[in-house]
Amino acid sequence: MPKILKLPKLFSTMLVSTSPFNFDATMHKPSHFPSSDNIWEKGRYWITMVWQRQTVGLKLENKGTVARPKIELSVHSLKPVNKEELLPEIEWRFNLKTDLSEFYRKFKDDKYLKEPIKKWKGMRPVAANFLYETLIIYIVLQNATVRRTVQMLENLFDSFGQKVEFDGKILSAFWDAKKLDKIPEQKLRDLKLGYRAKTIKKLSSQFSEGKIYELTMRKMTKDEVRKEALKIYGIGPASVEYLLFEDFYHYDAFDTVPPWEQKIYSKLLYNKKLVSADKILRDMHKRYGKWSKLAIHYIWEDLFWKRKTRRIDWLEKEIRL
DNA sequence: CATCAGGGCCCTG
DNA sequence: CAGGGCCCTGAT
């Protein structure tokens, strides 16, 4: 077991967000699998970050309301960090500058969005990790059940990551891509990564050789990001589908429906057993246009928030735990 | 027990 | 452009 690094608090500051901002629905996505690099409690969120080659602990606290958002950020680290450089990155990660007013105006009375908007107005997608880390997550999602995904990621954290303690929480942090580049494939296979061992090694070397420029990709159009992402070994259409929306904030990027999601949309939107992916895509694009993926996000997360408080029998069957 | 299909992707033919 | 193979795990 690696030793736990204690990170002292460096500073705290207030973050400004556009309004409305829903703290809990933005920080916490109930449809996502749990990962030891972050903890959410109502009004509070802790996450680790590897920033300029050192491990940093972030705590975000809700100090405002949906209409008048105020977020207190505290930064924990062993060494000083450059605040002027860090803060814009935090703003991007938590998507604090986006303007969704048109979306709410257009769809507040929509049959499917009325309820989710009422409950979750101010919810946004967040790219809580760096691109390399996000892609690791997408790779362990591929062809695996939730339990197995969690096991693979936690095995990676235990072997290559760093455990840190700050603000009374113990969390894992990601590793530098260079670290995995040099690891023999068999070592990764021993962590039950299976054929993903090769994928993760190649991904790590593509990043450590500096072949992928996340900051440039943030400025690209949707199609450019897609093209760029598909060049990455092990990243295909299903991973890109998540990437475009959750990490690059393209609210219209709704092009693929994975089989398990297809079953859930069929029941939820059509009350049918199975509607073709093409029809779902066509209908959603027609109805929501450039907001299609954001609309789906509201519908989807609303369902998983409900699942937290009450059992939904038909849904349990579709989630492969 | 054996078999098989996944919350995909790459590679081959 | 279709389909086989890949690591593992849980379902049957």
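Each chain gets a letter, A, B and so on, in the order the sequences are listed, and its residues count up from 1.
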Problem set entry | Pairing annotation in dot-bracket form, given for DNA chain C with Watson-Crick or G-U pairs under 3.5 Å and | for cross-strand partners | ||||||.|||||

In chain order, what residues pass the salt bridge (Lys or Arg N to Asp or Glu O under 4.0 Å) check against [X], with sequence neighbours excluded?
X	result
A:Glu41	A:Arg44, A:Lys169
A:Arg189	A:Glu185
A:Glu115	A:Lys119, A:Lys306
A:Asp190	none

For this session: Select base, sugar-phosphate, or nothing to describe what A:Thr149 touches, counting heavy atoms under 4.0 Å on all strands.
Result: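 Result for A:Thr149 = nothing.
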
Exercise. Which salt bridge (charged side-chain N to carboxylate O under 4.0 Å, His left out) pairs, counting each pair once, include a residue from residues 20-34 of chain A, with sequence neighbours left out?
Worked result: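 Checked against salt bridge (charged side-chain N to carboxylate O under 4.0 Å, His left out) - neighbours excluded - the pairs reaching residues 20-34 of chain A are A:Asp24-A:Lys42.
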
Exercise. Which pairs, with at least one residue in residues 266-276 of chain A and sequence neighbours excluded, count as a salt bridge (charged side-chain N to carboxylate O under 4.0 Å, His left out)?
Worked result: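 Checked against salt bridge (charged side-chain N to carboxylate O under 4.0 Å, His left out) - neighbours excluded - no pair reaches residues 266-276 of chain A.
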
Please give, in whole Å, the distance from [N] [atom2] to [X] [atom1]?
X	N	atom1	atom2	result
A:Leu243	B:dC9	CG	P	11 Å
A:Leu230	B:dC11	CG	P	14 Å
A:Ile232	B:dC10	CD1	C1'	15 Å
A:Tyr233	B:dG8	OH	P	17 Å

For this session: Not counting sequence neighbours, which residues clear ring pair (Phe, Tyr, Trp, His ring centres under 6.0 Å) with A:Tyr45? List them please.
Result: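 With sequence neighbours excluded, A:Tyr45 shows a ring pair (Phe, Tyr, Trp, His ring centres under 6.0 Å) to no residue whatsoever.
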
Exercise. What does nucleotides 2-7 of chain B look like as a protein-contact string, B for base, S for sugar-phosphate only, - for none, at under 4.0 angstrom between heavy atoms?
Worked result: ----SB

Exercise. Hey, mind stepping through A:Tyr138 and A:Asp247 against side-chain hydrogen bond (donor to acceptor under 3.5 Å, both in side chains) and telling me if it holds?
Worked result: CA-CA 12 Å; A:Tyr138 291 162; A:Asp247 302 281; 2.7 Å; yes

For this session: Return the residues of residues 182-204 of chain A meeting this criterion: a heavy atom under 4.0 Å from some atom of DNA chain C. Order them by number, or give none.
Result: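 Within this stretch, A:Arg189, A:Lys192, A:Gly194, A:Tyr195, A:Arg196 sit under 4.0 Å of the strand.
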
Problem set entry | For A:Arg282, side chain to side chain contact (heavy atoms under 4.5 Å, CB included) partners two or more places apart |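 With neighbours one apart ignored, the set is A:Asp278, A:Lys279.
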
Problem set entry | Spacing of the C1' atoms in C:dG4 and B:dC4 (rounded, Å) |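 These two C1' atoms come out 15 Å apart once rounded.
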
Exercise. When rounded to the nearest Å, what value does the distance between C1' atoms of C:dT9 and B:dC10 take?
Worked result: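 About 22 Å, rounded to a whole number of Å.
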
Tell me which donor-acceptor pairs under 3.5 Å the side chains of residues 70-78 of chain A have, and how far apart each pair is, sequence neighbours excluded?
from: A:Ser77; atom 1: OG; to: A:Gln54; atom 2: OE1; distance (Å): 3.0
from: A:Ser77; atom 1: OG; to: A:Lys79; atom 2: N; distance (Å): 3.3
from: A:Ser77; atom 1: OG; to: A:Lys79; atom 2: O; distance (Å): 2.8

For this session: Determine, using ring centers only, whether A:Tyr132 and A:Phe174 are less than 6.0 Å apart.
Result: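 When the ring centroids of A:Phe174 and A:Tyr132 are compared, they turn out to be at least 6.0 Å apart.
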
